[in-house]
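Worksheet for the structure shown next.
Only a predicted model underlies this, so the values are computations on that prediction, with no experimental measurement involved. Along the sequence shown, the residues carry numbers beginning at 1.
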Amino acid sequence: MKRLISLALLAVALILPASAQNYRCSRYYNHGSGRLDYGYGGGGWYDAGEMYYGLRIGPSFSKVNSDDADLDGGNWQTGLNIAALMGIPLTNEMPLFIETGLAYTEKGGKKKVTSFNGERKKMTYDLNYLEVPIVLKYIFNIDDHFSIHPYFGGYLACGVGGKVKNYEERKAFSSFSDEAFQRFDGGLRFGCGAGYDIFYLELAFDLGLSNICHDMFDTSRNRSLTLNFGVNF
C-alpha cells in the first residue's frame with residue numbers, strides 16, 4: 001500500500017510539471033495570451049464540441065454498511081484513487097460532456113471488535129476495485145482561467161483484490177471470497193470539480209446500490225467520498 005502510494009505520487013509529481021511546461025505545443029495554445037484558448041463563449045477554457053482528457057489522483061474515504069455483523073465496516077477507512085478519464089462532448093452548442101474512463105480505487109471499511117478478555121481490536125475490510133465511471137458533466141466557464149464542473153451519473157466496478165483482517169483472531173482472508181463480498185459493484189456518483197487552466201480539483205461521492213453480500217437475506221453496500229487532484233488537457 002505504501003509503495004503503491006509512493007509510486008503514484010511520484011508519477012503525478014512528474015506528470016504535472018511536464019504538462020504545465022509542454023502545453024505550449026497544443027494546437028489550442030494562444031501565443032498572445034500565453035495560455036490554451038479553446039474559444040468557447042469568448043475565451044472560456046472548455047469549448048463545446050471539443051473532447052478533453054484528464055488524470056486524477058487522491059484519497060478516498062469509504063465504509064461498508066452491512067446487515068451481516070461479520071461484514072459491517074461502518075467506520076470510515078482511507079484508501080487511494082487513481083484515474084485516467086476523457087470527456088466526450090454531447091453537443092456543439094454548450095459545454096455538456098459524458099465523462100468516462102478507468103480508475104483504480106481502494107474502498108472498504110473498519111470497526112472495533114471486543115475480544116474475550118474485553119480488549120477492543122481492529123477489523124478492516126479492504127475492497128480494491130477497477131471502476132468505470134459514466135457521468136454527465138456540465139462545465140461553467142467563469143472566466144478565461146477558472147471553471148466549475150458539476151456532474152451526476154454512476155459507476156460500475158469489479159473487485160481485483162483486498163483482504164479482510166481480524167486483528168483479534170490474527171486471521172486474514174480474501175475480501176472477494178465466499179466468506180465475504182461479491183466482486184461486482186455499481187451505484188450512483190455525484191460531485192463537483194473546479195478547474196484553473198490545466199489544473200483540476202474535485203470532490204465526489206459514490207452511493208453503492210449493488211448488494212455485494214453473497215447472502216440474499218442480508219445486504220452490504222459501499223459508501224465512498226473521494227477528493228481528487230489532477231490535470232485536464
Between [atom1] on residue [X] and [atom2] on residue [Y], distance to nearest 0.5 Å:
X	Y	atom1	atom2	result
E179	D70	CD	CG	10.0 Å
R183	L130	CZ	CG	10.5 Å
I88	M51	CD1	CE	5.0 Å
S62	L127	OG	CG	7.5 Å
H214	L71	NE2	CG	9.0 Å
K110	Y125	NZ	OH	13.0 Å

Test of understanding: clusters of I, L, V, M, F, W, Y form through side-chain heavy atoms closer than 4.5 Å, transitively. Do [X] and [Y] belong to the same one?
X	Y	result
L102	L85	no
F229	L203	yes
I212	F173	yes
L227	F205	yes
V135	I98	no

Q. Between F176, Y104, F181, which is the residue that forms a ring pair (Phe, Tyr, Trp, His ring centres under 6.0 Å) with Y129?
A. F176

For [X] against [Y], the heavy-atom pair lying closest together:
X	Y	answer
I148	A194	CD1-CB, 4.3 Å
G87	P89	O-CD, 3.7 Å
F233	V231	CD2-CG2, 4.1 Å
M86	Y53	CB-CD2, 3.7 Å
F61	W76	O-CZ3, 3.0 Å
K111	D72	CD-O, 2.9 Å

Q | Within the 6.0 Å centroid threshold, strictly below: Y138 and F152 | A | no

Q. Do the ring planes of Y196 and H145 sit parallel (below 30°), tilted (30 to 60°) or perpendicular (above 60°)?
A.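 Because their plane-to-plane angle is under 30°, the rings of Y196 and H145 count as parallel.
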
Q) Checking K107 against Y155: charged group under 6.0 Å from the ring centre and within 45 degrees of the axis? A) yes

Just wondering, do [Y] and [X] contact through their side chains at under 4.5 Å, heavy atoms?
X	Y	answer
L207	R223	yes
E202	T226	no
Y200	R56	yes

**Q.** V113 vs Y167, side-chain contact (heavy atoms from CB on, under 4.5 Å): CA-CA, chis, key distance, verdict
**A.** CA-CA 9 Å; V113 295; Y167 288 80; over 6 Å; no

Heavy-atom donor-acceptor pair, [X] side chain to [Y] backbone, under 3.5 Å:
X	Y	result
S174	K163	no
E106	L80	yes
N65	G74	no

Would you please say whether a donor-acceptor pair under 3.5 Å links the side chains of [X] and [Y]?
X	Y	value
T219	D67	yes
D206	N222	no
Q77	D126	yes
S220	S66	yes

Q | Pair R189 + E99: basic N to acidic O under 4.0 Å | A |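 Looking at R189 and E99, the cut-off is not met.
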
